[in-house]
Every structure is written in C-alpha cells, then in structure tokens.
Number of protein chains: 4
Amino acid sequence: MSMMKSLIFVGPGKIELTEKKIPDVGPNDALIKITTTTICGTDIHIFKGEYPVEQGLTIGHEPVGIIEKLGSAVMGYEEGQRVIAGAICPSFSSYACQDGFPSQDGGYIQPDGTCACHGYKATGGWRFGNIIDGTQAEYVLVPDAQANLAPVPDGLTDEQVLMCPDIMSTGFKGAENANIQIGDVVAVFAQGPIGLCATAGAKLKGASTIIAIDGNNERLAMAKKMGADVTLNFKEVDVVDEIMKLTGGRGVDSSIEALGLQSTFEQGLKILKPGGTFSSLGVYSEDLTIPMAHFAAGLGDHTIRTALCPGGKERMRRLLNVIESGRIDLSEMVTHTYALDDIVEAYDLFMHQRDGVLKVAIKP
Amino acid sequence: MSMMKSLIFVGPGKIELTEKKIPDVGPNDALIKITTTTICGTDIHIFKGEYPVEQGLTIGHEPVGIIEKLGSAVMGYEEGQRVIAGAICPSFSSYACQDGFPSQDGGYIQPDGTCACHGYKATGGWRFGNIIDGTQAEYVLVPDAQANLAPVPDGLTDEQVLMCPDIMSTGFKGAENANIQIGDVVAVFAQGPIGLCATAGAKLKGASTIIAIDGNNERLAMAKKMGADVTLNFKEVDVVDEIMKLTGGRGVDSSIEALGLQSTFEQGLKILKPGGTFSSLGVYSEDLTIPMAHFAAGLGDHTIRTALCPGGKERMRRLLNVIESGRIDLSEMVTHTYALDDIVEAYDLFMHQRDGVLKVAIKP
Amino acid sequence: MSMMKSLIFVGPGKIELTEKKIPDVGPNDALIKITTTTICGTDIHIFKGEYPVEQGLTIGHEPVGIIEKLGSAVMGYEEGQRVIAGAICPSFSSYACQDGFPSQDGGYIQPDGTCACHGYKATGGWRFGNIIDGTQAEYVLVPDAQANLAPVPDGLTDEQVLMCPDIMSTGFKGAENANIQIGDVVAVFAQGPIGLCATAGAKLKGASTIIAIDGNNERLAMAKKMGADVTLNFKEVDVVDEIMKLTGGRGVDSSIEALGLQSTFEQGLKILKPGGTFSSLGVYSEDLTIPMAHFAAGLGDHTIRTALCPGGKERMRRLLNVIESGRIDLSEMVTHTYALDDIVEAYDLFMHQRDGVLKVAIKP
Amino acid sequence: MSMMKSLIFVGPGKIELTEKKIPDVGPNDALIKITTTTICGTDIHIFKGEYPVEQGLTIGHEPVGIIEKLGSAVMGYEEGQRVIAGAICPSFSSYACQDGFPSQDGGYIQPDGTCACHGYKATGGWRFGNIIDGTQAEYVLVPDAQANLAPVPDGLTDEQVLMCPDIMSTGFKGAENANIQIGDVVAVFAQGPIGLCATAGAKLKGASTIIAIDGNNERLAMAKKMGADVTLNFKEVDVVDEIMKLTGGRGVDSSIEALGLQSTFEQGLKILKPGGTFSSLGVYSEDLTIPMAHFAAGLGDHTIRTALCPGGKERMRRLLNVIESGRIDLSEMVTHTYALDDIVEAYDLFMHQRDGVLKVAIKP
C-alpha cells in the first residue's frame, strides 16, 4: 500500500505533516501528483479552528501537478500531463451548476428532492481541503476530473499558474461582478492577494480610474503594478473624503470589497454612486449593517453582489490564457518558497505576515 | 391671474386645500389639467412629517389629465390631448439618465463638475410633490415635457391608467430586477398596492410559482387575482418554514420585498437559494442588518438590488400597452373615489386603511 | 441476451421497426424504459435522407419513461422512478458546457487540444437519434445520466410532459433569446409545434402584443390559445403591411422565426424596429440573404440570435414547473396516439400533415 | 449679420468652402466655435454622392471647440468652456432614446403616433452633416445641448480628444457589443481608424488574444500599438486557416467587422465558435449572404449585432476619462493637419489614402 505525506488538521491551533494512504481512483477521478501548492487565508482560519473541518482532513485547495492516474471514464487526458484544477471543483452535473451557479454546487436541491445543506455552509461547492482531502500533500484526488482538469501550457512555470485555482479566479470574479463599463471609476478595498487580483481584473474589464485602498504601503506599491491609478493608505487619509474629492462628488461606479469587515463594507457603500454596484469578495464573520444614509433608504438603484471563486476547466483555461498573453504576471506575488516538509514553518510565516509575505509556494 | 385649488403641506400632521396661481409655462414645460390623481403611501409620510418637504408645496405625484398648454419647444403633442406622466419625471438629459439610471437624475455630478446632492436624498429624480408642485391640484406643470408626456389610448378609463405613473411602474420594476427566468419560484413580501403589482409583474416575467405573503386575507385574495399561486398569511403560518417546505428545501429563486422592514428583509434572504436575487422595493427607515447565517458569510453568489420607480414616456407607453392588452386590470385596486374638495377626508381614510381601502381616486 | 424493438433508419425513404440488443449500462449511464415518445420534424428530415445519420441508428429524441437500471456512479435516483431527459443531452463537463453553451457540446475544443468537429455539424450536442441510439424504441440509454435525468412530478401525464425534451424547450428558448421586455410587441413567424411554444413563451416573458403568423387557420386558432393577441394568415393579408399598421409604423420589438425560410427571415427583419432583436429557431437549408434595406446598412443596432434546444435536468425541471403550475397545457398539441408497433404508419400521417395532426404520441 | 466659413456639399464629386450665416441659438441649443474637426470615411461617401445629403449642407460631424453662446434653457455650462459633442447627437427625450437606443433617435414612432422614417435611413439619430449643418466650419450649432455638450478636461489637446465624437465611440462599441469575457480570443477585421479603436476596445474589455487583420502592414503595426497580440496580413496568409490553427480548431469567441464587405463578414462567421458573437461595425452597401456552412444551419447559438456610434455627454465623459487615464493615446492616429481654408486639399489626401494618412486634423 503506497503512502504519501499530507498536512492534516488535528485541532484548533494544531496541524501536522503525516502519512496517508494514496487514494483509490474511481471512474470519474484523477490522481494528481502535486508539484506546487500554496497556503490560503482560509487555511489560516481552518488552522485556528475558526472554520470547522473534520479532524484528520488534508488541508489546501490550490493544485499544480502531474496526472498520475486517470479514472476509466475520464477521456482526452494523458497520464504525465501537467494540469491545474480550481479550488472549487464543481460536479457540473448538479441543478446548481446547470442553473449557472457551479460554485454553489451542494447548496441546492438533490435529485431525490431533499436538500443536503440549506441553511447551507458558507462554502457552496468547495471540496478540496473542506469536505475531501486537499492539496497540501504529495497527491490529491480530483473528483469529476473530466470537468475540472485544465492542462497547463508549456512555457509557464508553476509559480505563474499557482494563483489560477483560487486567488486569481476569485479576484477576477470580483471585477466581473462589479458591472464595469469602459470609462468607469472603481474602488478596491484591501490589497491582499485577492484584492490585488481584483485590481488587475478591474483594469482588464476597462475601468479607467482604479483606486486601491490598503493600510500597507508595500501592498499599495504592488497594487500600482497590478493596474491601480490611485492608491490610498487608510492610515494616512480619510478614504471616503478623498474618493468623493477625486470623483468631483459623483462617487464611484463600483466598489469591490476584498476583506470582510463592516468598516470597508460601509465605506464601499458610502462612496457608491446611485445606480452603482458593490461587489463583495470578503468573508464576513459577523452580521453586516447597511446604513440607510449610504443606501438611499433602499431607493438608490444599487446592486450588491457576492461571489464564491469560480472553478472548472473552462475557467482555468481562460485564466491560463490571460497569463500566457502576458497581460498580467502574478508570479511576483509568490514571495517565498518552502518544501512540503517545512510547511508548518511556512504557515507560521504566512499567518503572521512576516517578511513582506504575499503568497508562499509549497513544493512536495 | 388665474388661480387653482391645490393640496399643500403646511406642517407635520397638517395639510390644506388652498388656492395657488396657475404656473407659467416655459419652453420645455406642459401644463396639465388634472382629471384624476391619487394618494400614495409616500404622501402619508409627508403628511406625518416623516419625509420632509417644503412648507406650502403641493403634494401628489400621479397625474392623469388633459394638456392645457404646451411650451414652445415641445413638439408632437396637442393641447386637449389626454396624457399621463410618471411620478419620477427625469430630464433624460443628465449624466445619470444617459448612464442608464434616469430615476437617479439629481444624484449625479452636474455639468459644472459639482454634485447637487451626494449624501443624496433618498429620492433621486423624484420631482412632483417633492421638489416641485405636485398633482393633487387642478393643474400641474410637467417639466421636460417632451420626454415625459405619454398619450393615453382611447378606450382606457382614468382608473385603469391611474397606477401607471407610480405603483405599477415600481411594482413591475421589482419583478424586472428580480432576474426571473421561466420556471422560477418567486416570493413577494407584502401585498399592498406595490406588492400586488410586483406579484402581477412576476407572473408577466415567467415565474411559475409565485408565493404572496401578507397578514391581511383580503389582500391575499387580491394577490391571487394578480397571479399568486400560493398565499401565506404570516399571522397564521411560519413563512420561512412553509416556503422551505414548498420548495423542497431548495429556497426561492428570487425574493421581492415591498414593505421596508428588517423582518421581511431577513425572511427574504433566509429563503433565498444560493445564487438567488433579492429585489428590494421597500423604503427603509432604519439601518438594515444582513444576518450572515442567511447570507452564506458573503459567499453565496447572492444579488441584492434596490430600485426607484422608473419614469419617462417610453416606460408609460409600455405600461399602457400592458393595460390595453388586457393582461392585467388594476382598476380593481381603486376602491374609493373622492372629489378634490374632499381630499383631506380621503387622506384620513387611506392613512387608517379603513373600509378595505387599497387606492383612492381623487377627481378635481 | 435481452432484445428490444427499435425504429431504425435504413436508408433515404426507408425506416424499419426491428430488434436490437438492450444496451449495457456504463458507470455514468441510465437505461430508461420508454413509456411515451414522439416524432419530430427533424425525424422526417432523417427519414427522407435530407439529414444524414448512420444506417441502423435508432431514431427519436424525446423520452418519457421509467428508470430501468442506473450506472454505478449515478446518485440520487431510483430504479422505477419516472423521468424525462432533454433531446439535447449534454455532458455538462465539456469546455462548451462550462462556457455557457451546453447545446454546443461537441463543437468545441477537446481536452487534448483538437476539435472534434469544427466546420461542425449543425447539431452541436444533440446525441439521441443523431449520434447514439434514440428513443423510438422500448429502451434508451441516457449518457451522463446524473446531469440529464429529470424526475416527473406525480400527477402529470406523459402527454403533458412529452413536449419538454424538445419542442417546448426550443420554442421557449426562442422567446428567451428575443430579449422581451414588459410591454413589448413580438411577432412569431410560423405556428407549427415549435412556433406555438414560442408564442406561449413570448407571453410568459411579458410581451403585451403577440402577433402570430401562419397560413393555416387551425394553427392560428391554437396560437390564440397559446397566447397570441393577433393572428395573421399570410395567405389572406400582407403580413408586413399589417404589422407596420398595427404598430403605428414603429415595427416590432422582436421577431421570432420558427420555420427556416428566406421569406420569413426577410419579413422578420423588415418589421423589426431599430434596436430590435431577431430570434431565429428555424433550420435553414439554404444560404440566407440579409437585405440591406431592412438592416439599416448594418447601422440599426439590430441583434440576430440563433439557438439549439437547451437540455439538462435543470432546464427540464423548470419546464416541468411551468406545466405543473398550469400556466400552459401542451397536451392539446398531442392530436394522435400510436403504438410503437404502428410507428411507420404514424410517420406517414405526421409527414403528410393529415387529419390536423400537430404531434403524435408513440407508446411502446 | 455675422458670417462663417463652411464646407458645403454642392453635388456628387463637388464640395466647396463658402460663407454662411452664423445660426441663431434657440432655447435648447449651443453655438460652438470649432477649434479642431476631422474628415471621416462617411464624408467621402457624401462627397462622392454615394450617401445622399441636401445640396448646400455643411459636412462634418466631429466637433472640438469653445462654447460661443448658450440657449436660454441650457444650464450648468459657461460660454468660453471647451467642449466636444458626439457625432450622433440624440435628443435623449424620444421613445428610442428612452428605450435604450439613443443612436436610433429618429427611427421610432413619434409622439403623435406616426413614424417619421420607417424604412428608415441607415443613419438613425445622426444629425451633424447629415440632416443639419455640420462641423467643417467655423461654428456649429449643437441641438439638445444640455444632453450633448461634454467639457474637455484641462491638459488634453484637441488631437487627443478628436476621435471621441465618432471613431473611438464607434470602435469601442464594436468591442462592447462583442460580449467579451476575460480570457477571450477576438478577431478584428480591418485596421482603419475604427478597426484600430475596436482593437483597443477589445483589449480594454479583457480579451487575452486579439487578432488584427488588414492588408496594410503599417496599419498592422499600429494595431500592435493599440493592443493586438497577433497581426495577419490577408495578402500574405489565409486568414481563416491561420486563425483556426491559432485557436487549436476552436474558433474565436468574437469577431468584430470594421469594413463592410461580404468577404470579411463571411470570414468573421467562419472562424466563430458555436455560441460566439459577431459584432458588426461595417457599413454594407450590398445585401449580405450568410453561408449556412458557417452558421450551423441556424443552430449554432450565434449572435450577430450591429451598431451605430453612441453619442451623448455621458458617453463622451467616459471616453475622455479613458484618454485622461493614459490607457490609450489616439493622437498618434492624427497623421496630418490642415487649415480649414485647405480642407478641399485635405479631402483629396484622405480620400486617396496618400502619405500613410490615418486621420486629418482640420483647424479653422
């Protein structure tokens, strides 16, 4: 019986690199040998016990690797092929998927008429490192592989494509949800990895003035590289005043929130023009308040949209196209590299945001 | 100098039928002789002093009447022609109008670069009975008449078209904002005049299961006439439980809120499928709370949209088409008729919802 | 080895009821015992040899039946359950499906970088009775069953749901593609089964004036039942003149073409307003000409859209909802019933449109 | 009586710089003193008599200038202010404008129920140099000035903003109509001024592979500057073969046609994926043929869209934002400058495409 190293959740504040059996491959599965993966902010919530997963689960949801073995019903791929798969790994056969919400696979009615999980978990169709074993391991089993394996073009490094499965897909979705028209003014709140990708996405969608907000000047400098026209450090200026001044009192066409706090939620609404769109990417841990003074008492023709990271091989193909075209280079965000054997140390660095860390590459 | 009777706001709790000068007609104006108008819930807020307008302003925003005099630059109409105009009477020349949000005319940047009213009033482009003299009078002056006068087809009574300027346009907008697809399940919270029109609109947009909610069985009976498939009296059943049961745990595709309370806002979110749309028509007088348990922590691919009544002659033309086609008959909602001379009495009836009143026709 | 009766294509002008082996069930398949199926206009093209399929293929693509056997990987269904499946039976795992065009499954790039069929057949993802054995048989094998089996609600007859797999899905798509807004005027050219469903769909989407055109007064009478406000017999009136008169010279907001001829294509464009949408459902056997006189030299802000019947279990679920709600009753279209044993005779009747036939139910 | 120089159409092949009376200013007008204008391909059609205008009409439709005098009802501007106005100068009060098609102002029903021009001219709401005096003069009268005057930000030269009124607005609309998603492959046929702007627009909308096609290598070099990833000279390669190879047989997501010929129309369809969008900007002088072999017999889920240049001050404001942001610099397209006195000579150069001319600035 072959074994593999896996990083598992043991309990709040406790993760452990351990040995697990390499899983069997069913007809619709693919076994991927991981060459690079990374740590996400969500993994830190899991580590701290803020987001509950089962004890013993392998964590991680961003796979870059090589097809080791294909299920009998998976066609058109080859063992040895280099692939990625989205963090959200939908079946694409469910009602939710066919209804246009593949990321919410699992939150809908089942074929037998019951619903698995209304009063649903906040995690829709997220499987890797959530309800099945994840990617911080030597191997990962990809379910519904026919729909989820995306070949990586030759000539792209692991680091260049490492953001596709989650950060880039999520950040771009924030821009896509923001209803951006050519000539728009867009504000992006928080410039962590997802916010930076939202900034890059807003530029790709045609915004002509992108205002990036953060409290960290290094991140604001990176935001400039990603396409921000104006950067505001909220520790130094009154963000709302500044933006209303910049827009001649008109407000922005769209706000993108990439943090998950009441304060940024409120600011994003406050600067929004009547008719504007608020695109939310943040994971909120507390109830939100919509202040009526910033919401026109419900009469402002406003739109608020939330999102969960899109997955699937077509999404990955498009993101890989963007990378390959040279429109954007996210490998700059990979500030550190660790061996899988040292992953616990990498968690420590990432969690405490030491040493200017943005993203960490983990190499089994 | 010709005079006309007008109902004016005197102060909180005090309105008065008085005499005013018939206004002069500028190049882009039209003077309309009112044949029928009505009282809206918003007028009650004005009466009570909850919504501030200037002392002496003529109230009312739903005109049916005859063109008395046309401005020199208004083309293609004739004096003596029967017309309506929307409650929201946009210029259609402003930035907001051209940006796709005519109802928000007034909340945007002005040509000189300043903004009239960010931190804007909750009322966007609403002019009649808000910032200019309204329709509860013998005459009303329609600004930007070229864009706002809509001829009434012969054969339609005043009562049949009386809802077009506000209630019908608003209620239908609630359905239009709800992203309804053929086969959808839609819940409409509150079956006052606007909610009833939202119910009718949801049917027109292809919903196959429309669930109408109210605490008044007469209104629920009217909801059935307007297209509801299922009615729920919230005093008799647990609305959330009932809807989750009706949908097999799936939730609804869209919720429409037509009241403006935290409780209905919350219920509408609670029963919403992941990926669903919450269309809000209510005027909220207090800050709203979004409970994260019903909002998937911000990861549910949800959309929340608000709206202000669409206006303009093209909107009116389409609503008149719907009436003329016989798809819907809103004259049933006109439960009482008063002479303009008795309008103060009509306010009293309408405000206290006596005698099964839904809408009151006022005839100068 | 169990055998089943199947209607196969032998050669142009020749079909034959024969015996075939009941197929094996792979992990993602389901074997359905057909209780009712029907004959489609496309089947007539196949019969005549106008549309090429392989010799020996079982024809037919509209299944109503009972699950006989489920593949090992298909979850949430039970043997004995009553189901339908769409005529177009997409994998939902392909690039095309994830790109929003499941009906075009098969016309896109494959995982290995090659394209199965650019310069593609006109038939996208259509499988039953096209590239795999179809439904005019005692049993049919449904591929990708997890994505395609749709349970039929108790209380609906086979005849009520028989149009869902193709005619209703296609006709409604014609209305969905027509960009119909509340208050629109829509013209539907040809009132065969698909045109009748387009008429019904246009009503569901909020059109307030639906103009149905055909040369057969019985079909025009049925169009009235399906929601047409005005019917025009092209043998009796000049359709273009009549519609321009009806619309006061404005033209229609949308034209739906459900036949596939140059003449109806042209008329549909001729009556279309600037900015209007032409939704095409017809299968054209010859090159089309766009006359510039009716197309504003390419400057009219026009949209032309084509469609292939949407499939998948979510689509079927919604159509079944519409049927169950009583919004529409398509069982009236089933004018004749035949045993599978007499199917060759049924083809003859249907092909020659004898005896007022609209659709024929075939019962194994 | 003050006079001004104006270039008028005398007859086919004959234009003349002459003196005209400076027009009176009505309540909704503005008189603009032209500082720079240009010559458009359409003007050449007028010159040749291919596009009929009235004898004596001043030609030209792209104004950059200074407000000389404002009508009494025009608010928020100042005399002396520097402005542009769109080539299409809609009233924004008509039914068509409110229906979402301001460029088609004039092709719709009028308030009195008649239609000015169904069987409409190909020119919708185009007024300058078409039905009213144009911009190749010392002054131009802007109708509906409140809706159409767009202030030019300080610091932008006339040359930088000269493309906004027509070329840039049209080219960008071609990209906006192409339904471009992040990661798309887009082909742009013809790289004249409008095609170049469509290329730039496709980049702004998120296409990751833009293929520019022309027969002129200088224009292809300019296309690279505007954002093309790949350029194809149709005189050197088989464009269809090349694109199918480049896309691995998949075809492009969108084709943009910026010329108006059957050959480019056909090629654009031939390379289009099932489900793809064909965005047409060309002005076609002959009937078009849609070859069924490239159109999936009408079953390919294809969309074809045409457009006429968007106008209005909000459109201009957004285009000016794009220029001001530095996303794009179109002043490079201005290859030559002439005094108004020498405009006949400028026509000659432009018409014969001598000396690498792209666009000519005309200075009164």
Side-chain angles (χ1 to χ4, degrees), chain A residues 95-96 99-101 103-104 106-110 113-116 118-124 126 177 181 244 247-251 253 257 260 270 273-275 278 280-309, chain B residues 95-96 99-101 103-104 106-110 113-116 118-124 126 177 181 244 247-251 253 257 260 270 273-275 278 280-309:
Chain A
Y95 289 100
D99 192 25
F101 299 99
S103 295
Q104 302 301 332
Y108 275 60
I109 195 170
Q110 302 304 309
T114 67
C115 177
H118 203 87
Y120 44 88
K121 296 174 65 177
T123 49
W126 172 30
N177 267 359
Q181 307 301 315
M244 293 316 286
T247 58
R250 177 179 180 272
D253 296 283
E257 208 278 357
K270 197 164 184 174
K273 74 171 186 191
F278 184 96
S280 175
L281 294 172
V283 184
Y284 302 93
S285 48
E286 292 177 21
D287 290 354
L288 278 175
T289 298
I290 304 180
M292 276 310 120
H294 309 155
F295 201 55
L299 300 173
D301 282 304
H302 289 120
T303 299
I304 298 175
R305 272 180 167 177
T306 67
L308 182 58
C309 175
Chain B
Y95 291 98
D99 191 25
F101 299 100
S103 295
Q104 302 300 331
Y108 274 61
I109 195 171
Q110 301 304 307
T114 67
C115 177
H118 203 88
Y120 45 87
K121 297 174 62 177
T123 51
W126 171 31
N177 267 358
Q181 307 301 315
M244 294 315 287
T247 58
R250 178 179 179 271
D253 295 284
E257 208 278 357
K270 197 164 184 173
K273 75 172 184 189
F278 184 98
S280 175
L281 294 173
V283 184
Y284 302 92
S285 48
E286 292 177 21
D287 291 355
L288 279 174
T289 298
I290 304 179
M292 276 309 121
H294 310 156
F295 201 55
L299 299 174
D301 282 303
H302 290 119
T303 299
I304 297 175
R305 273 178 163 178
T306 67
L308 182 58
C309 175

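Here is the naming used below: chain letters follow the sequence lines, and residue numbers restart at 1 for every chain. Predicted model, so just to flag it, every value in this text is computed and none were measured.
Between H302(B) and F295(B), a ring centre-to-centre spacing shorter than 6.0 Å is recorded.
In this structure, the side chain of S280(A) does not engage the main chain of E257(A) through any donor-acceptor pair within 3.5 Å.
If you take CD1 on I304(B) and OG1 on T306(A), they are separated by 8.0 Å, rounding to the nearest 0.5 Å.
At a 4.5 Å heavy-atom cutoff, the contact between E286(A) and chain B is made by backbone atoms alone.
Most heavy-atom pairs under 4.5 Å with chain A: of the set I290(B), T303(B), V283(B), this distinction falls to I290(B). Between chain A and the residues L281(B), D287(B), D301(B), T289(B), the most heavy-atom pairs under 4.5 angstrom are made by D301(B).
In terms of heavy-atom proximity, N177(B) sits nearest to R305(B) at O-NH1, 3.2 Å.
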